[in-house]
Amino acid sequence: MSKTKNIPPRVPEGEALVEEPDFTIEELNQAFKKRIKEYTRFVDYIINDLKIKDNSKVLEIGPGPAWISIVFVKKKPLINLIGLEISDDMIQLAKENIKNEAVEKHIEIIKGDAKNMKKFEDNCFDVVITHDSLHHWEDPIMVFNEIERVLKNDGIFCIADGRRDLGLGAKLIFQIAKFVVPKNIRYYWKTSIMAGYTHKEITEILDQSNLKNKYLVKTDLFDLIIHNK
Ligand SMILES: C[S@@+](CC[C@H](N)C(=O)[O-])C[C@H]1O[C@@H](n2cnc3c(N)ncnc32)[C@H](O)[C@@H]1O
C-alpha cells in the first residue's frame, strides 16, 4: 500500500497572510515575531551546518516582515542581504522592522516575484534562502530554475517550508495546540500545512527543475528542508 495514500490533497494558499481580514498588520507582525526562536534555529543551521562565508551576498525570497533577515544580519554583520518580496503590505512591514532594529545598512527589500528574477544577473549570489514561502509559489519549477541561475556555482541554497505529510507526533502537537494557540492563528497554520508539499511531491517537482541532482530533501516534525548535496 502506498505510504501517501492517506494524505489529503494539497490546497494551494495563494494570498499573503496580510491580505486576510481578521488580523491587523501589527497583530500579524507580532505573530511572526513570536517565531523568532524558530527563525534563529533556521539561520544557525545555514551559518553553521551549511557553512557560509562571512561576507556572503545573500538573497532571501519572500522575507515577509523580515524577521529572518534581521536575525541573519545581526549574527553575520558583514553579509549583504537582499529580500525579494511580492506583497506591498509585507514590504512596508519589513521596512519598518528593519528601521526599528537599526539594520538598514545591511538589508535591502525589493519588490518582485521569485518566478522571474531578471533584475538579478546569473551567478550573483553566494547564498539563497527562503522560509515558509514555497507553498505560495504558483510555479515552483520556475522559482527553482531562477534560484539555480542567480546562485554562484559554489553557492548555497536552503529552502524550508511546512510539509503536508505530517507524522503522528506532529498531528498530536497540532491537536494539543487547540488549547494554547488562538483560533485565527491555528486556522492559518492549518491552511499552510494543507498548502505544503509532501516529500515525494517536492522531490518530483525538483527533479523537473535545474536543481535536479544538486539537492537533498530532509524532513523534521513539521518541515521540509531542501539544500545543496
Ligand atoms: C508565510 S510568509 C513567510 C515570511 C517569512 N519568510 C517567515 O518565514 O517569517 C510567505 C511570504 O512569501 C511571500 N511570497 C509568496 N510568493 C512569492 C513570490 N512568488 N515571490 C516573492 N515573495 C513571495 C509572501 O508575500 C509572504 O510575505
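Read the numbers this way: they start at 1 and go in the same order the structure lists the ligands and their atoms.
- When all heavy atoms are compared, the tightest approach of N145 to N210 is OD1-N, 2.7 Å.
- The shortest N/O to N/O separation between H136 and ligand 1 does not fall below 3.5 Å.
- Contact annotation: for L84 versus ligand 1, heavy atoms closer than 4.0 Å belong to the backbone alone.
- Here the straight-line distance linking atom CD1 of I47 with atom NZ of K76 works out to 5.5 Å at 0.5 Å rounding.
- The two residues M117 and R149 come nearest to each other via the heavy atoms O-NH2, 2.9 Å.
- Seen from the ring of Y197, R163 does not count as a face-on cation partner, given the 6.0 Å and 45° thresholds.
- A salt bridge links R35 to E38: at least one charged side-chain nitrogen sits closer than 4.0 Å to a carboxylate oxygen.
- At least one N/O-N/O distance between A114 and ligand 1 falls below 3.5 Å.
- Between D113 and L84 the shortest heavy-atom distance is C-CD2, 4.1 Å.
- Residue contact check: G112 has heavy atoms under 4.0 Å from atoms 20 (N), 21 (C) of ligand 1.
- Polar contact check, D132 against ligand 1: no nitrogen or oxygen pair lies under 3.5 Å apart.
- The residue among K111, M90, E85 with a heavy atom at the shortest distance from atom 24 (C) of ligand 1 is E85.
- For ligand 1, the atoms lying closer than 4.0 Å to a non-hydrogen atom of H131 are 3 (C), 5 (C), 6 (N), 7 (C), 8 (O).
- Atom CH2 of W137 and atom CZ of F144 lie 5.5 Å apart (nearest 0.5 Å).
- In this model, a donor atom of one side chain and an acceptor atom of the other lie less than 3.5 Å apart for D207 and Y215.
- Atom numbering of ligand 1 starts at 1 in the shown order; those under 4.0 Å from a heavy atom of I68 are 8 (O).
- Only the backbone of P63 comes within 4.0 Å of ligand 1, counting heavy atoms alone; no side-chain atom from C-beta on gets that close.
- Crowding of L221 atom CG: a count of heavy atoms from other residues, nucleotides or ligands under 6.0 Å exceeding 12.
- Looking at ligand 1, you'll find an N or O of G62 within less than 3.5 Å of one of its N or O atoms.
- At least one N or O atom of S133 sits closer than 3.5 Å to an N or O atom of ligand 1.
- Neither the backbone nor the side chain of W67 has a heavy atom within less than 4.0 Å of ligand 1.
- Within the 4.0 Å heavy-atom cutoff, E60 counts among the residues contacting ligand 1.
- Scanning D113, L134, D88, D161 for the heavy atom closest to atom 19 (N) of ligand 1 points to D113.
- Residue contacts with ligand 1: K115 is placed with no nitrogen or oxygen under 3.5 Å of a nitrogen or oxygen of the ligand (distance criterion only).
- Numbered from 1 in the order shown, with element, the atoms of ligand 1 that lie under 4.0 Å from a heavy atom of G64 read 4 (C), 27 (O).
- A donor and an acceptor atom, one from each side chain of E204 and Q208, are nowhere located under 3.5 Å apart.
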